[in-house]
**Q** 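Just passing along the structure, written as structure tokens.
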Amino acid sequence: MGGFAWGSCPKRCLCDIDEFGRKRVSCLNGGMVVPDDISMLDADTKVIIITGFDGSRPNLVNPSIRHPNQWPSSRYLEEFHFCYSELDTLGDRPFFQLSESLLLLNLSHNAITTISEGNFFNLTKVEGLYMDYNQLTSMPSMATLRYMTSLKALTLSFNHIRDISHSDIDTRYIYRLRPRAEVEFLDISSNPLGVVDHFPALPDYFFYEFPALRAMNASNCSLTELPWADIQKYSPLLTTLDLSYNRFTSIKTGQLDLTRIRTITFRGNPIQTVDPDSFNKMYFQKLDLSELPKTILTPELFVDVRVERLVLADMKIDFPLDDILIPLWPDIVGLDVSGNPDLPLRGRAFEFLPYLSEVSLARMNWNTTKQNLFRYPNEIDYIDLSYNRFYYVQPGFFMPLTGLVTLDLSNNWFYSIPLTVAQPTLETLDINNNKLQVFSAQLVELLSAPGSPFKALYLNGNPWRCDCGIAELYQWVQTIKNDNDVTLLDNCSQLYDPDHRLPNHNINCAACMTPRALRGLLLHHVPAQTFETCTEMETTTSFGFVEQEIFQCYSCIDPWFCNDVNYMTVVNCDNRYGTVYSCLKIEDIYGIERGCGNPDEWVKQENCEEELGPYKNYTTCTCTTTLCNGSPHFQVALSSSVFMPVLLLCWLSLYCKF
């Protein structure tokens, strides 16, 4: 129980020690009654979390007169989280007895409608106040929060705030009589601020109350304008501003003349015009223009501008970006063009950005990689290829990425992961939500080798087949469980019943899908005897590897398009699914040999500049298993020595079942 006496932990809660060495009580499933259910906690408990989830029973506050101070009292409590209740008012001085120690107060996901000065009486040490997902209709002034003199973070997102007209001259005068909190982070996102038509949604005096403000989230507030001059005047330290999903229609010259602004987000605004020199002389650590019209991207847009990380996602870009991005080449280190499937990317497309280290190519609707995309000396250490339709990546694709640190291949259709992802510098590999059933023994060896910097492997959401095909992964998982240097993230600790199975065969965790007897079992809880009979050859061939050679068969979706990888699906050469014949090695200049051109052109090309396909050489491989619906099944595969009649057999045979 992490140092707790058994009698001091509520029955429906988890009591442990958090990462800072503090006693913590977590009641996460709703239905708690405060203070009754937590009245016997250890006096030195420092963190109390009482929360729930959508659909859980609400937490309750006992209104009995036997509990005039409805909340816990402790001289040591540093964090109090009370969420998912129907609480609509706080009363007067409810947290007075916590004032000596409380640093964080989380009252989100309740039904609070108003805030008064007495609610937070004497909470002079609180640094974070979180009131998201309540029913507030007006913005509390800093005069209302005047006792919270140490407040640094204030969040009010997802309320119903429309009124920010409280800050008249009288309240400012009263406020000056008290010590002034210096809020550095403010979140007012997802409030209907811009719906009021008679006065500006954020009046000029709004920023007067936030002289120390450094970061502000005002996304999804229906804003059409901001008092830019007053931001500079009253909040001169502001560096981060999120204005996404508002109603701005233009960005004008001089509008962003903020001395210290470094990160700004305009994502999802209906912006139609951007003055050519709107960003002139500015320096951004991050500039997010996602979901804006592609027409704003002109060669003049970034002239005399410095940007480190640029986000151009989901803009429907269908033209090359070279001329537009070339002014940024000395500074740009991160580029996100996700969600632009029509963006033309030739070989070595980013070579003109020599310092580029982070590339996001998610949601590009790709089913195969651009083979020569990174075939140039580069400094890329982060690549996001998530949410595509990859079922196979040419092994040579990763070979030039010699400094790769983080690779995200999640939410694709992978049946196997190529060994070449295991670059010597790789620290994080995300393969969540693919179609992986087995895991390469050789890949385990590379990632877990002595001296490897590898730290995190994400495996959730795959239909793992818990047999010899994951034997090496299983052994590694056992090691990872007790290794603080490597993380196997499953996010499922609260979903398991006592025998560690997942409800409803949920595979959104690192758990077995087959065989049926092990379905729902967390990988590191699979019985060790499952793998006792696995031989080295079995664990090798299960991954499609024989004597260190990579074998892949391609099944034709349409027999008339057997020459195009886009019309094939990958099937591993896995003998446990039956006898597989003629599944041959693929090689190119990086060790994977491949043909170029189409089947009617037998001209051999020594150096293939096109991506992997259409192919020149083919063979067939057959199998007889349930995988082939119980019938002989012809598949097309790459081959280094096969004749045209075999290809014709694939196309014309009446006995092929595709």
Side-chain angles (χ1 to χ4, degrees), residues 4 7-15 23-138 140 144-145 147-148 151 154-161:
F4 281 83
S8 66
C9 189
K11 292 181 180 180
R12 288 177 292 171
C13 304
L14 172 68
C15 299
K23 281 189 175 182
R24 176 175 59 187
V25 177
S26 302
C27 312
L28 308 178
N29 297 311
M32 298 291 292
V33 179
V34 176
D36 303 51
D37 291 344
I38 57 173
S39 60
M40 302 300 293
L41 295 181
D42 287 2
D44 58 347
T45 299
K46 292 190 175 183
V47 180
I48 297 178
I49 304 173
I50 300 174
T51 186
F53 50 87
D54 291 337
S56 67
R57 288 189 300 161
N59 294 302
L60 302 174
V61 176
N62 192 336
S64 170
I65 59 173
R66 294 183 294 109
H67 302 286
N69 181 46
Q70 300 167 343
W71 306 96
S73 59
S74 171
R75 294 167 49 197
Y76 302 98
L77 192 67
E78 295 179 357
E79 292 186 18
F80 182 52
H81 305 254
F82 185 74
C83 311
Y84 284 93
S85 80
E86 297 176 353
L87 180 71
D88 60 356
T89 184
L90 294 174
D92 191 46
R93 305 185 181 187
F95 308 107
F96 177 73
Q97 297 188 58
L98 305 178
S99 60
E100 293 185 19
S101 59
L102 195 64
L103 301 176
L104 185 151
L105 180 59
N106 180 6
L107 297 173
S108 60
H109 289 276
N110 292 300
I112 300 170
T113 57
T114 58
I115 295 176
S116 65
E117 183 179 334
N119 295 157
F120 308 110
F121 179 77
N122 215 36
L123 295 182
T124 58
K125 294 185 177 181
V126 170
E127 297 178 357
L129 175 61
Y130 304 94
M131 300 200 65
D132 311 281
Y133 292 93
N134 277 283
Q135 297 180 22
L136 299 173
T137 57
S138 62
T144 304
L145 305 176
Y147 292 109
M148 308 180 81
L151 192 64
L154 174 62
T155 67
L156 300 161
S157 66
F158 292 94
N159 278 274
H160 306 292
I161 298 174

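Numbers for residues simply follow the sequence, beginning at 1. Note: hydrogens, waters and symmetry copies are ignored here, and every other heavy atom, side chains too, is used. Predicted model, so just to flag it, every value in this text is computed and none were measured.
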**Q** Whether the side chain of Asn159 engages the backbone of Asn134 through a donor-acceptor N/O pair (distance < 3.5 Å, no angle test) should be reported.
**A**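 Yes; at least one donor-acceptor contact below 3.5 Å.
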**Q** Would you please classify the geometry between the His109 ring and the Tyr84 ring as parallel, tilted or perpendicular, with 30° and 60° separating the classes?
**A**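 The rings of Tyr84 and His109 lie parallel, inter-plane angle below 30°.
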**Q** In Å, rounded to the nearest 0.5 Å, how long is the span from CG of Asp132 to OG1 of Thr155?
**A** 3.5 Å
**Q** For Gly91, does its backbone N or O pair with a side-chain atom of Asn119 as donor and acceptor, under 3.5 Å?
**A**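 Confirmed, Asn119 side chain pairs with Gly91 backbone.
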**Q** If I take atom NZ from residue Lys23 and atom CD from residue Glu78, how far apart are they, to the nearest 0.5 angstrom?
**A** 13.5 Å
**Q** Out of Phe96, Phe121, Phe95, which one pairs with Tyr147 under the ring-ring contact (aromatic ring centres under 6.0 Å, His included) rule?
**A**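 The residue from Phe96, Phe121, Phe95 that satisfies ring-ring contact (aromatic ring centres under 6.0 Å, His included) with Tyr147 turns out to be Phe121.
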**Q** Which atom names give the shortest non-hydrogen contact between His160 and Gln135, and what distance separates them?
**A**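 Shortest heavy-atom contact: CD2-CA, 3.6 Å.
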**Q** What's the shortest heavy-atom distance between Val25 and Pro10, and which atoms?
**A**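 Heavy atoms only, the tightest pair is CG1-CD, 4.2 Å.
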**Q** With heavy-atom distances below 4.5 Å as the criterion, would you say the side chains of Ser85 and Val34 are in contact?
**A**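 With C-beta onward as the side chain, the pair stays apart.
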**Q** Does any non-hydrogen side-chain atom of Thr51 lie less than 4.5 Å from one of His81?
**A**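 A side-chain contact under 4.5 Å is absent here.
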**Q** For Ser56 and Asn29, test the side chains for any donor-to-acceptor distance below 3.5 angstrom and give the result as yes or no.
**A** no
**Q** Got a sec: does the OH of Tyr76 have more than 12 other heavy atoms crowding it under 6.0 Å?
**A**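 No, the 6.0 Å shell around OH holds no more than 12 heavy atoms from other groups.
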**Q** Ignoring hydrogens and angles, tell me if any N or O in the side chain of Arg12 forms a donor-acceptor pair with the backbone of Gly31 under 3.5 Å.
**A** yes
**Q** If we only count heavy atoms from C-beta on, is the Pro140 to Met131 side-chain gap below 4.5 Å?
**A**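 No - every pair of side-chain heavy atoms lies 4.5 Å or more apart.
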**Q** For Asn106 versus Cys83, what's the shortest heavy-atom pair and its separation?
**A**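 Nearest pair, atom of Asn106 first, then Cys83: ND2-SG, 3.7 Å.
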**Q** Any side-chain heavy atom of Ile38 sitting closer than 4.5 Å to one from Met32?
**A** yes
**Q** For the CE atom of Met148 and the CD atom of Glu127, what is their distance to the nearest 0.5 Å?
**A**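 Reported to 0.5 Å precision, the distance equals 10.5 Å.
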**Q** Kindly give the heavy-atom pair with the smallest separation between Gly128 and Val126, and that separation in Å.
**A** O-CG1, 3.5 Å
**Q** Applying side-chain contact (heavy atoms from CB on, under 4.5 Å) between Tyr130 and each of Leu156, Leu154, Leu104, report the one that passes.
**A**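 With Tyr130 as partner, Leu156, Leu154, Leu104 yield a single side-chain contact (heavy atoms from CB on, under 4.5 Å), made by Leu104.
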**Q** If you take all heavy atoms of Thr144 and Ser116, which pair is closest and at what distance?
**A**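 Looking at all heavy atoms of both residues, the closest pair is CG2-C, 3.6 Å.
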**Q** Determine whether Ser157 and Ser108 make a side-chain contact, defined as any pair of heavy atoms from C-beta on separated by less than 4.5 Å.
**A** no
**Q** So, the side chain of Asp36 versus the backbone of Val33: is there a donor-acceptor pair under 3.5 Å, distance only?
**A**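 Answer holds: no.
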**Q** If I take atom CG from residue Leu107 and atom CG from residue Leu129, how far apart are they, to the nearest 0.5 angstrom?
**A**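 Leu107 CG to Leu129 CG: 6.5 Å, rounded to 0.5 Å.
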**Q** What's the spacing between Ile48 CD1 and Ser26 OG if we round to 0.5 Å?
**A** 10.0 Å
**Q** Answer yes if the side chains of Asp42 and Thr45 hold a donor-acceptor pair under 3.5 Å, and no otherwise.
**A** no
**Q** Do the side chains of Ile112 and Leu136 get nearer than 4.5 Å, heavy atoms only?
**A**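 In contact.
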**Q** Considering only heavy atoms from C-beta outward, does the side chain of Ile49 approach that of Leu28 to under 4.5 Å?
**A** yes
**Q** To the nearest 0.5 Å, tell me how far Cys13 SG sits from Arg24 CZ.
**A** 12.5 Å
**Q** Might you point out which heavy atoms bring Asn122 and Ser99 nearest each other, and give the distance in Å?
**A**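 It is O-CB, 3.1 Å.
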